[in-house]
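In what follows, a single structure is set out as structure tokens and then discussed.
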Amino acid sequence: MTEHFLEEDYDLAHLEVTPGQPGGSKPVDLPILHGTMGPPVLDIRLLYSETDCFTYDPGYTSTASCESKITFIDGEKGVLLHRGYPIEELAERSTFLEVAYLLMEEDLPTEEAFRWFNQSITLHTMVHEQLRNFYSGFRRDAHPMAIIVGVVGALSAFYHDSLDIHDAQQRLIASHRLIAKMPTIAAMAYKYSIGQPFIYPQNDLSYAENLIYMMFATPAEPYKVNPIVAKALDKILILHADHEQNASTSTVRLAGSTGANPFACIAAGIACLWGPAHGGANEAVINMLKKIGHKDRISEYLKRAKDKNDPFRLMGFGHRVYKNYDPRATVLRKACQEVLAELGYKHEPLLELAMELEKIALEDSYFIEKKLYPNVDFYSGIIFKAMGIPTSMFTVLFAVARTAGWIAQWLEMIGDPSQKIGRPRQLYTGHTQRNYTPLDQRKP
Ligand code: SDX
């Protein structure tokens with residue numbers, strides 16, 4: 001971490017806390033820290049020692065867990081910046097590997113730096129040959145997320161030369177290995193699920209081209225990667241690369257704060273991403289659209305989404321931070337139409353249904369009032385499907401992309417001198433202390 005947020009002349013927030021303990025209220029002055037963008041924060045690190053009080057914020061709706069320079073989101077304006085560069089520009093003009101470098105190394109690479117990074121990633125795309133044995137332990141119908149969470153965690157059993165998180169060189173090698181091997185591990189999970197042989201990466205292919213090649217090539221004949229599909233996949237990977245302190249990134253940081261090795265931390269992030277409220281939503285959107293089936297049934301499902309007694313939610317809608325359009329959804333919506341046209345789709349019923357659903361939802365007072373807009377997952381599944389990628393692989397591809405962000409955030413956390421092991425407190429509302437009752441004396 002180069003410079004800190006703390007300057008001498010920060011503001012103070014005066015708090016009178018009356019914790020109900022003897023001695024009445026305790027005045028406390030809390031520093032207000034200002035970043036370069038976004039809301040200021042109340043520095044509450046001394047709150048407990050000064051007031052005997054915790055703060056209470058389940059879901060961390062108002063809590064900053066760290067200082068970061070990687071990604072900035074303005075949820076009200078629908079702005080997403082990576083190291084200051086707008087996501088729209090990166091999606092249009094950059095490549096996923098260049099964005100991965102930007103996230104990790106703090107700025108866009110020079111030609112020479114990118115040549116070095118690209119070469120390093122390329123030379124780490126193969127996995128240890130024995131890692132292949134892990135796949136045969138799974139049922140063929142295992143969800144690929146179940147496979148990759150296990151295989152990525154197992155990488156720490158193979159790469160003992162890059163487990164020491166206090167060694168900068170080992171951190172770098174582990175980071176490059178994870179970014180490089182995720183496509184290979186992901187493609188192997190897909191091949192295993194369809195009973196086809198694993199395909200080795202090709203060093204003359206780009207990152208996205210290799211992922212497609214390893215998923216769809218067979219040893220039986222030459223396979224040419226469709227450049228339209230490769231370009232679309234690279235753009236989708238950029239859009240999913242990082243997103244501030246979301247649930248899976250916070251999981252990676254929390255795991256990393258204990259000193260766990262990077263492979264274990266990324267496996268933890270993959271497990272967290274799988275949830276349908278998070279990265280699993282792209283798969284859930286397609287399943288939802290298939291269930292709705294026809295635009296005449298949209299109102300029935302919107303009614304369910306608004307019914308508090310119905311667990312159904314409109315998948316691909318809503319976001320903890322965005323209270324405006326998710327800028328990634330805007331880019332994906334446009335890319336969706338372009339890719340479908342380029343691939344020769346005269347019409348894609350799921351896309352038409354999705355656009356009709358979006359139109360109706362955005363005119364509905366419930367969605368307007370709660371500021372529920374399409375998020376990154378609403379359109380990604382439709383493009384994946386048009387590219388021939390099976391639904392069960394959607395979240396896997398999200399994990400491939402997000403590994404770049406998880407790594408960047410993990411490296412930043414390790415390099416932060418103020419970093420401590422993450423250990424939240426709680427508001428305890430359980431039994432007060434009581435004595436053990438022997439079994440023969442317990443009343444029904
Ligand atoms: C991702 O954090 C990130 O950055 C995540 C992500 C990333 O790149 O890492 O952007 C990726 O996870 C995107 C989100 C994908 N998930 C979905 O599309 C699943 C559907 N969305 C919801 O489950 C929900 O919107 C969340 C989980 C995304 C956000 O939930 P919050 O912030 O906890 O909001 P909330 O549940 O408190 O909702 C506020 C209100 C509630 O109503 P009230 O209790 O106030 O009456 O809005 C309602 C919710 O019931 N609501 C929805 C809804 N989302 C919120 N109602 C119907 N359908 C929805 N989709």
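Start at 1 and go down the list; that is how both ligands and their atoms are numbered.
- Within the 4.0 Å heavy-atom shell around ligand 1 one does not find Gln245.
- Nearest protein neighbour of atom 54 (N) of ligand 1, counting heavy atoms only, is Leu372 CD2, 3.8 Å.
- Near Gly316, meaning under 4.0 Å from any of its heavy atoms, are these atoms of ligand 1: 17 (C), 18 (O).
- Side-chain contact, Arg140 with Ser193: no donor N or O sits under 3.5 Å from an acceptor N or O.
- With respect to atom 10 (O) of ligand 1, the closest heavy atom belonging to the protein is His319 NE2, 2.6 Å.
- The protein atom (non-hydrogen) at minimum distance from atom 42 (O) of ligand 1 is Lys308 NZ, 3.6 Å.
- In terms of protein heavy-atom proximity, atom 49 (C) of ligand 1 is closest to Arg313 NH2, 3.2 Å.
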side-chain contact (heavy atoms from CB on, under 4.5 Å) between Thr71 and Leu81: does it pass, once the steps are laid out? CA-CA 6 Å; Thr71 291; Leu81 308 177; over 6 Å; no
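- Ile292 CD1 to Leu350 CG: the interatomic distance, rounded to the nearest 0.5 Å, is 10.0 Å.
- Considering backbone and side-chain atoms together, Ala247 places no N or O closer than 3.5 Å to any N or O of ligand 1.
- Ser206 contributes a side-chain N or O that, together with a main-chain N or O of Glu209, makes up a donor-acceptor pair within less than 3.5 Å.
- Residue contact check for ligand 1: Pro276 places a non-hydrogen atom closer than 4.0 Å to it.
- Listed by number with element, the atoms of ligand 1 under 4.0 angstrom from any heavy atom of Asn246 are 2 (O), 3 (C), 4 (O), 5 (C), 9 (O).
- Taking a cut-off of under 4.0 Å to the non-hydrogen atoms of Ala281, the atoms of ligand 1 that pass are 15 (C), 16 (N), 17 (C), 18 (O).
- Ser120 contributes no side-chain N or O that, together with a main-chain N or O of Phe117, makes up a donor-acceptor pair within less than 3.5 Å.
- Under the 3.5 Å distance criterion, the side-chain polar atoms of Thr249 are left unmatched by any main-chain donor or acceptor of Gln245.
- An N or O contact shorter than 3.5 Å links Leu314 to ligand 1 by distance.
- Looking only at side-chain heavy atoms (C-beta outward), Met104 and Ile179 come within less than 4.5 Å of each other.
- Listed for the Ser257 side chain is a donor-acceptor partner under 3.5 Å among the backbone atoms of Gly422.
- In this structure, the side chains of Met355 and Arg333 come closer than 4.5 Å at one or more pairs of heavy atoms.
- The side-chain heavy atoms of Asp307 and Lys303, taken from C-beta on, include no pair separated by under 4.5 Å.
- Taking 4.0 Å as the cut-off, Arg328 counts as a neighbour of ligand 1 on heavy-atom distance.
- By the 4.0 Å heavy-atom criterion, Lys306 is excluded from the residues contacting ligand 1.
- Counting protein heavy atoms only, atom 21 (N) of ligand 1 is closest to Phe317 O, 2.9 Å.
- In terms of protein heavy-atom proximity, atom 15 (C) of ligand 1 is nearest to Asp377 OD2, 3.2 Å.
- Across the listed options Phe312, Phe398, Tyr366, Tyr373, Tyr366 owns the non-hydrogen atom lying nearest to atom 48 (C) of ligand 1.
- Interface atoms of ligand 1 facing Met315, defined by a heavy-atom separation under 4.0 Å, are 18 (O), 19 (C).
- Look at Ala305 and you'll find a heavy atom under 4.0 Å from some atom of ligand 1.
- Checking Asp310 against Tyr301 by side-chain atom types alone, no donor-acceptor pair falls below 3.5 Å.
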